[in-house]
Amino acid sequence: MRRKLLLGNWKMNKTPSEALEFCNAAKEMGLAKLARANKVDMGVCVPAVDLQVVKKSLKNSLIVGAENCHWLDHGAYTGEVSIPMLKELNIGWCLIGHSERREYDNETSEKCNLKIKALLANGLVPVYCCGESEATYDAGNTKSFVEEQIIAGFKDLSEEEAAKVVIAYEPIWAIGTGKNASEEIAEDICGFIRKVLKKLYGAKVANKIRILYGGSVKPASVKGYLSQKDIDGALVGGASLDVNSYKQLLTAIL
Ligand code: PGA
């Protein structure tokens, strides 16, 4: 059984004091307890400068993830965050290959693969994002595009390593646009991704890997996505910023 997973992605939002405000409210609401009692894994991926304050506040009650990392331990890479830095803060999760990073920071699937391998070697969970642009979708090339991203991102991973990766399918045309993919489209692609994983690793491993849908997920739509056979959770941007709406994402699926 794959446990449900709700992950927020704050992107470039919230200063450390705003982040702390969110954590205090989440604690007051007993959010982590509610998630645990209902066997839902829940957490937030936050800007690098918020990691310390958020982790200190939430401890291990909710998942705290980074939004990016470098694959090397240290070096002359101005502006980057290394995995040892994350480890020292006890951060256990990291988004990899979000479409915004692919678009604005030249993040390729090959770089994602290096990051995924480095995270796994250090015991962190990579959340590997994939998804097509509107032009690719309109041209009917979504499946071949996403398949390439999966194959390149998982290159050289053993079965044991692959089983630990979380995938987030996020069609770029649905991110932050309010134009979400229908449940049918999302399930079609998430089911297809599981088929690709089956080809690569066999059914046993493919059935262990959690696949999230992301792109304008709101409290009103989250349940529909999570009722789909191959969708195990959601990666949520905008609707994870306000703590009340973040809570509603959880209560909507209980
Ligand atoms: P959104 O963002 O929910 O605001 O569309 C999702 C994401 O980019 O992870």
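Counting convention: from 1, in listed order, for ligands and their atoms alike.
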>> Looking only at side-chain N and O atoms, does H98 offer a donor or acceptor that is under 3.5 Å from a partner on E107?
In response: no

>> Tell me if the aromatic rings of F145 and Y137 count as close, with their centers under 6.0 Å from one another.
In response: no

> Should W10 and E67 be marked as a side-chain hydrogen bond (donor to acceptor under 3.5 Å, both in side chains) after you check the CA-CA gap, both sets of side-chain angles, and the distance that decides it?
Replying inline: CA-CA 9 Å; W10 286 356; E67 296 178 9; over 6 Å; no

>> Does E148, at its CD atom, have more than 12 non-hydrogen atoms belonging to other residues, nucleotides or ligands within less than 6.0 Å?
In response: no

> Which pairs count as side-chain hydrogen bond (donor to acceptor under 3.5 Å, both in side chains) when at least one residue sits in residues 195-214, sequence neighbours excluded?
Replying inline: D41-R210, E147-K199

> When you look at L6 and V222, which way does the side-chain contact (heavy atoms from CB on, under 4.5 Å) test go after all the steps?
Replying inline: CA-CA 10 Å; L6 287 177; V222 67; 4.0 Å; yes

Enumerate the pairs of nitrogen or oxygen atoms, one from ligand 1 and one from the protein, separated by less than 3.5 angstrom; state names and distance to 0.1 Å.
residue  : atom  : partner : partner atom : Å
ligand 1 : 2 (O) : K11     : NZ           : 3.3
ligand 1 : 2 (O) : G237    : N            : 3.4
ligand 1 : 3 (O) : S216    : N            : 3.4
ligand 1 : 3 (O) : G237    : N            : 2.8
ligand 1 : 4 (O) : G238    : N            : 2.9
ligand 1 : 5 (O) : G176    : N            : 2.6
ligand 1 : 5 (O) : S216    : N            : 2.7
ligand 1 : 8 (O) : K11     : NZ           : 2.8
ligand 1 : 8 (O) : H98     : NE2          : 2.7
ligand 1 : 9 (O) : N9      : ND2          : 3.3
ligand 1 : 9 (O) : H98     : NE2          : 3.3
ligand 1 : 9 (O) : E170    : OE1          : 3.3
ligand 1 : 9 (O) : E170    : OE2          : 2.7

